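Right, one structure below, let's go through it.
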Amino acid sequence: MKISLILFCLGLVLTDAAVIKQNKRFPDDFFFGTGTSAYQIEGGWDADDKGDSIWDYMTHNMPEVITDHSNGDIAADSFNNYKRDVEMMRELGLDMYRFSLSWPRILPTGVPNYVSEAGITYYNNLIDEMLKYNIQPMITLYHWDLPQKLQEMGGFMNPLIADWFEDFARIAYERFGDRVKYWITFNEGYQICYEGYDYVSKAPRLNATGVGEYLCARNLLLAHARAYHAYNNDFRPTQGGICGYTISISSAQPLNDTEEDRLALELHTQAEWAIYTDPIFSKEGGFPKELSELVAEKSANQGFPRSRLPAFSEEEKEFIKGTSDFFGVNHYGGGYVSFSLYDLENSVVPSTQDDIQVGSYAPEDWPQAASFWLKRMPRSLYIVLKRIHERYDGNVPIIVTENGWSTHAGIEDEDRVAYYRAALEGALDAMDEGVNLLGYFAWSLLDNFEWMAGYSERFGLYEVDFEDPARTRTPRKSAFIYKQIIKTRVVDHGYEPHSYVMTIDEGH
Ligand code: BGC
């Protein structure tokens, strides 16, 4: 007893600069990682026999849709720099690293009659390099770079996407599953379906408002379930890993504490993410009730012969229910929601916004990131984690698969440091209140091609010099802070790096 008291006091003296707001620490088996995605970092867009993705196609044919007219042809050149990337993971002391596979690098035409051995070799090299240093790979099968050929056949509008995706997933499990134990099928259904098919802020920019997203969501969920069952039935018994699904959730809150605004929040939740998660995690299965009813009623009034959100059959519901071993959540920003904030005058009909007629806003005085859509909402990650936990009982295991903050170029990134500290404190609070959080991935390991914003916004713990052919990587202040959190398992607001010289600690 006495000895531990002395050690405790000694600890306080030794860490006299420490400002640990709460007496909470991450458990030893909690895993920390960072995430990236193929198109955003790899480059090597036409290396060997790689096929074109929808992002290659869009950026080459419509460069004007990207803020700085750039593309991911070279990006951070991780295709050639993967060893340096792994070195950075060791510097940070990561337990895991989340990356995605470029579907057209592995299947140049999208389908598996021809598999690119060069593509397989690239990922084998990356996986083996990570495992050499005991860093566990987590693979996202799809992070937005569909083979262009499959897009020409309709992409996610074609129900055959379920066959195409299962075929691709099987190749990945077969070729990498002996060493990879963590799988994610899709990254962010809403961004794939709403932004790509309903709207124009991601490839393929279909702009089929009010129709595209819902059809895509239905096909995507069936494709996900196919890939999950393939793993569960045919690979898990011998490979023993887990397979899940990731969506993005903002920390929306009702503008006023009224029944009306709480209903607005529920509809916002259903449209933003529960449409992608209730079919998997809810007891009843299927799309959320209120949203389904609203869209069915509006569709009928608008002269559609059937609902723009086609329901699942009972058999499909059963097939999809329970098909995720964990709830993967990406989280960035948030705001207040209310029916009163909706801009009815400019409402596009039909559209997913018009279906629910909920508007949102974020107060002026919240810190603003380089991305126009990202503001730091107080306690936002905590809010999100609690909401998932409360929506789905059964103590669903959650993994934060992305969380981060954008700045402009530069090494001093105090805003990012403040963001990570607040988020991780929120994670600790949520865990303290019973949320079953298994791990956390910062987005991102390094600066990358930030989709429509090109290279104008930076999310990296490491800065990348995109002017330099070597794409040199330099740790930002936040890299040192994250490293310290991983090492000590506490969030210490007083910690300042002694210098900006990064080294690899013993054992990494
Ligand atoms: C995506 C990332 C992206 C990040 C920041 C997430 O929605 O998964 O690819 O870089 O947001 O915009």
Side-chain angles (χ1 to χ4, degrees), residues 33-43 53-55 58-59 65-68 70-72 75-76 78 97-103 138-146 184-196 198-199 201-203 213 220 224 244-252 272-273 276-277 327-334 368-377 380-381 384 399-408 413 415-416 419-420 423 440-464 466 478:
T34 60
T36 59
S37 86
Y39 186 74
Q40 293 182 276
I41 64 163
E42 283 177 4
S53 76
I54 54 176
W55 280 85
M58 184 182 80
T59 55
V65 303
I66 308 295
T67 307
D68 54 8
S70 64
N71 55 48
S78 288
Y97 174 62
R98 171 181 178 232
F99 63 97
S100 78
L101 303 179
S102 158
W103 185 339
M138 173 183 263
I139 287 188
T140 313
L141 290 168
Y142 185 77
H143 200 128
W144 306 357
D145 46 355
L146 193 74
I184 291 174
T185 55
F186 287 106
N187 180 69
E188 299 188 345
Y190 180 83
Q191 282 66 15
I192 296 167
C193 293
Y194 171 70
E195 298 195 15
D198 228 77
Y199 194 49
S201 51
K202 294 281 180 307
E213 181 190 0
L220 180 141
H224 155 81
Y245 172 75
T246 275
I247 49 116
S248 171
I249 303 188
S250 69
S251 48
E272 186 200 13
W273 58 275
Y276 297 96
T277 54
F327 192 114
V329 56
N330 295 348
H331 168 66
Y332 290 89
Q368 173 72 54
S371 313
F372 73 89
W373 50 268
L374 179 53
K375 279 184 159 237
R376 177 149 64 89
M377 178 179 193
S380 70
L381 184 58
V384 164
I399 301 175
V400 174
T401 42
E402 283 182 30
N403 181 232
W405 182 259
S406 59
T407 56
H408 296 294
D413 56 347
D415 287 0
R416 181 174 289 108
Y419 183 89
Y420 277 129
Y440 174 94
F441 290 77
W443 183 273
S444 179
L445 176 63
L446 72 171
D447 288 342
N448 50 48
F449 176 80
E450 179 45 29
W451 308 113
M452 304 312 254
Y455 300 102
S456 66
E457 296 169 10
R458 310 297 186 95
F459 274 89
L461 293 168
Y462 282 72
E463 173 159 85
V464 175
F466 292 105
S478 55

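Counting starts at 1 for both ligands and their atoms, following the listed order. Keep in mind it's a predicted model, so treat the numbers as computed, not measured. Quick note: residue numbers are just sequence positions, from 1.
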For ligand 1, indicate whether the residue Phe449 contacts it via side chain, backbone, both or neither (heavy-atom separation under 4.0 Å). neither
Using distance alone, decide if ligand 1 has a nitrogen or oxygen within less than 3.5 Å of any nitrogen or oxygen in His143. yes
Testing Phe449, Trp144, Phe99, Trp103 for ring-ring contact (aromatic ring centres under 6.0 Å, His included) with Tyr39, which one passes? Phe449
If you measure from atom 1 (C) of ligand 1 to every heavy atom of Glu457, Gln40, Glu402, Glu195, which option wins on shortest distance? Glu402
Can you name the atoms of ligand 1, numbered from 1 with element, that are less than 4.0 Å from a heavy atom of Glu450? 3 (C), 5 (C), 10 (O), 12 (O)
Flag Trp144 as yes when one of its N or O atoms lies below 3.5 Å from any N or O atom of ligand 1, and as no otherwise. no
Would you call the rings of Tyr199 and Tyr194 parallel, tilted or perpendicular, taking 30° and 60° as the class edges? parallel
What class does the angle between the rings of Tyr245 and His224 fall in, given that below 30° is parallel, 30 to 60° is tilted and above 60° is perpendicular? tilted
Does the N or O separation between Trp451 and ligand 1 drop below 3.5 Å for any pair? yes
Quick one: do Trp451 and Trp55 satisfy ring pair (Phe, Tyr, Trp, His ring centres under 6.0 Å)? Show the steps, please. CA-CA 9 Å; Trp451 308 113; Trp55 280 85; 4.7 Å; yes
Atom indices of ligand 1 within 4.0 angstrom of Phe459 heavy atoms, with elements: 5 (C)
Using a strict 4.0 Å cut-off to heavy atoms of Asn187, name the atoms of ligand 1 that fall inside it. 8 (O)
Nearest protein heavy atom to atom 4 (C) of ligand 1, by residue and atom, and its distance? Tyr332 OH, 3.4 Å
Under the ring pair (Phe, Tyr, Trp, His ring centres under 6.0 Å) rule, what do Trp405 and His331 come out as? Steps first, then yes or no, please. CA-CA 10 Å; Trp405 182 259; His331 168 66; over 10 Å; no
N/O donor-acceptor pair under 3.5 Å between Asn330 side chain and Glu402 backbone: yes
